[in-house]
Number of protein chains: 2
Amino acid sequence: MTKSNPTLIVIEDDPSIRGFLRTSLTAQHFQVFEAKTGKQGIIEASVRKPDLVILDLGLPDMEGVEVIKAIRSWSALPIIILSARSHEQQKIEALDAGADDYLSKPFSFGELLARIRVGLRHALRSGEALATEVFQTGPLKVDLHHRIVYVNDAEVHLTPIQYRLLCVMIKHAGKVLTQQHILKEVWGPSYQENAHYLRIYMSQLRQKLEHDPSQPKFLLTESGVGYRLKV
Amino acid sequence: MTKSNPTLIVIEDDPSIRGFLRTSLTAQHFQVFEAKTGKQGIIEASVRKPDLVILDLGLPDMEGVEVIKAIRSWSALPIIILSARSHEQQKIEALDAGADDYLSKPFSFGELLARIRVGLRHALRSGEALATEVFQTGPLKVDLHHRIVYVNDAEVHLTPIQYRLLCVMIKHAGKVLTQQHILKEVWGPSYQENAHYLRIYMSQLRQKLEHDPSQPKFLLTESGVGYRLKV
DNA sequence: CAGAATTTTAACGAAATTTTTACAGCGTTT
DNA sequence: AAACGCTGTAAAAATTTCGTTAAAATTCTG
């Protein structure tokens, strides 16, 4: 799942091709695990939590289609087929069993890489729904992905500028921000004169977010300088 | 949008291949629309709301890669490339531009069908159609498979746009969607100016779905930002 | 082709938000 | 103590955004 080093599993019985894929893919900064048989491959796929599987259909111990079905029974991770056999029926069976792509040997390594990128792209897109950014400190919770603010688990409505202001404070949480800086980020560079806007909206935010707006616990004033969000 | 008849768009300038694809794919119960040029293809892709695009790279009016990028700028729908040119570099460029698959001519029709099924499977899993077959919150129930909407178990009729709007809201339920985003998904990328459409149709939806349309409980507006479906 | 359903266009009052204006508190300086 | 700079709050006016209605144009359907 890490962006920098996707994990691949290569299920291939031919030692020379396996070696070639290992060295070439590792050179491309993939984390590569290997399996020589279908059974071993299924186990690896379940244990290693890979981002993508490369599967040779010509395995000695079981039919390639069975390997695909086994993996598909519990996961939707991308599977790319490599095969010496390039009969149409073979391809169709593999794709319908759940494979995402099919390359016939001899294949070009550049094309394989491109198709791996396609597979990873798909996985990224279908998994990103789970990645929810949430900022939390004390009773304040901000769901940045859904754009919803909670105080003590009760929803609080913020106007666009109020929300933008809060986001800027969260972005630089813990640091003291000058009024100039905040004005520029929230209202734009031409509003740097209007420092009183900031006081008005900061007051509004405190009314909505702080337990006692006159004794703020998060949105603190640094007199003469600006504001800071305590974490 | 119905499960039985997926919609395809074929972007191909060669009349004989276009004709062949039309008759063959229609025989497979696909709804087929055609375009002879890249420009026309981009328009069709935005207007027809297809489930998948089949694109010939050798178009007369513009580079195939540009067509891919144009569609990718607003949609993630599956794109399968057909091409007479089968140079490795060409394939890699197309795949990295956002294409999901690449077939070199001459191609086998059975394989094309299998790869179309792969593309539709992906789309089904990660977007257009939702994970759940039935969405429910409070008195609102939407049977996405049969395209039927209920309020307090009474069937409610929605026009095509009303239904599509509701589906987009359901797809991103709980999240605040910008007007831009909704307009792009429901009307297409060229409608981003027409924010008033959204107000009209949102009003219509509320009239039909909410108990008290003036005090909505599900279809909430985030003034200055957009809308969100509360779950 | 006619009638119905739907989408698009146009218009206007209502609501929400931003901006303006005004004033009070508080510590420091003169 | 009055004056000053800086800050916080409240309420108004101005502006933007939103909701609703109705009629015109278009598309669908039999």
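What you are looking at is a predicted structure, and each value in this text was computed from that prediction instead of being measured. Quick note on labels: first sequence line is chain A, next is B, and so on, each numbered from 1.
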What N/O pairs connect the protein and nucleotides 25-30 of chain C at under 3.5 Å? Give each pair on its own line.
none

(request) Supply the atom-to-atom distance A/Gln204 CD to A/Leu209 CG, rounded to the nearest 0.5 angstrom. (result) 11.0 Å
(request) Quick one: closest heavy-atom pair of A/Ile81 and A/Ala94, and the distance? (result) CG1-CB, 4.4 Å
(request) Summarise protein proximity over nucleotides 16-23 of chain D in one line of letters, 5' to 3': B for base, S for sugar-phosphate only, - for none, counting protein heavy atoms closer than 4.0 Å. (result) -SBBBS--
(message) If the cut-off is 4.0 Å, is A/His157 near the phosphate of C/dT17, judged by side-chain N/O to OP1 or OP2?
(response) yes
(message) Tell me whether the rings of B/Phe107 and B/Phe20 are parallel (<30°), tilted (30 to 60°) or perpendicular (>60°).
(response) tilted
(message) Is it the case that the side chains of B/Gln162 and B/His157 hold a donor-acceptor pair, with the cut-off being a distance below 3.5 Å and no angle test?
(response) no
(message) Parallel, tilted or perpendicular: which one describes the rings of B/His122 and A/His122, with boundaries at 30° and 60°?
(response) tilted
Pairs of donor and acceptor atoms involving the side chains of residues 216-231 of chain B, under 3.5 Å and at least two apart or interchain, shall be tabulated with distances.
residue  : atom : partner  : partner atom : Å
B/Glu222 : OE2  : B/Arg228 : NH1          : 2.8
B/Arg228 : NH1  : A/Glu155 : OE2          : 3.4
B/Arg228 : NH2  : A/Glu155 : OE1          : 3.1
B/Arg228 : NH2  : A/Glu155 : OE2          : 2.4

(request) Could you tell me the separation between the CG atom of A/Leu220 and the P atom of D/dG8, rounded to a whole number of Å? (result) 11 Å
(request) Fit a plane to each ring of A/Trp187 and A/Tyr201, take the angle between them on a 0 to 90° scale, and name the class: parallel (under 30°), tilted (30 to 60°) or perpendicular (over 60°). (result) perpendicular
(message) What is the separation between atom CZ on A/Arg228 and atom C1' on D/dT7, rounded to the nearest whole Å?
(response) 17 Å
(request) Take atom OH of A/Tyr197 and atom P of D/dT7, then tell me their distance rounded to the nearest Å. (result) 17 Å
(request) Scan side-chain atoms only and decide if B/His211 and B/Asn152 contain a donor-acceptor pair under the 3.5 Å cut-off. (result) no
(message) On DNA chain C, does the nearest nucleotide to B/Gln162 precede the nearest nucleotide to A/Trp187 from the 5' side, or the other way round? Give the residue.
(response) B/Gln162
(request) Nearest whole angstrom, please: distance from the P of D/dG8 to the CG of A/Asp212. (result) 14 Å
(request) Please determine, by modelled atom types, if B/His146 and B/Glu133 share a side-chain donor-acceptor pair under 3.5 angstrom. (result) no
(request) Specify the separation, in whole Å, of atom CG of A/Leu219 and atom P of D/dT9. (result) 11 Å
(message) What is the separation between atom CD on B/Gln215 and atom P on C/dA15, rounded to the nearest whole Å?
(response) 10 Å
(message) How many whole angstroms separate atom CZ of B/Arg48 from atom P of D/dT27?
(response) 11 Å
(request) Could you state the atom-to-atom distance from CZ of A/Arg164 to C1' of C/dT18 in whole Å? (result) 11 Å
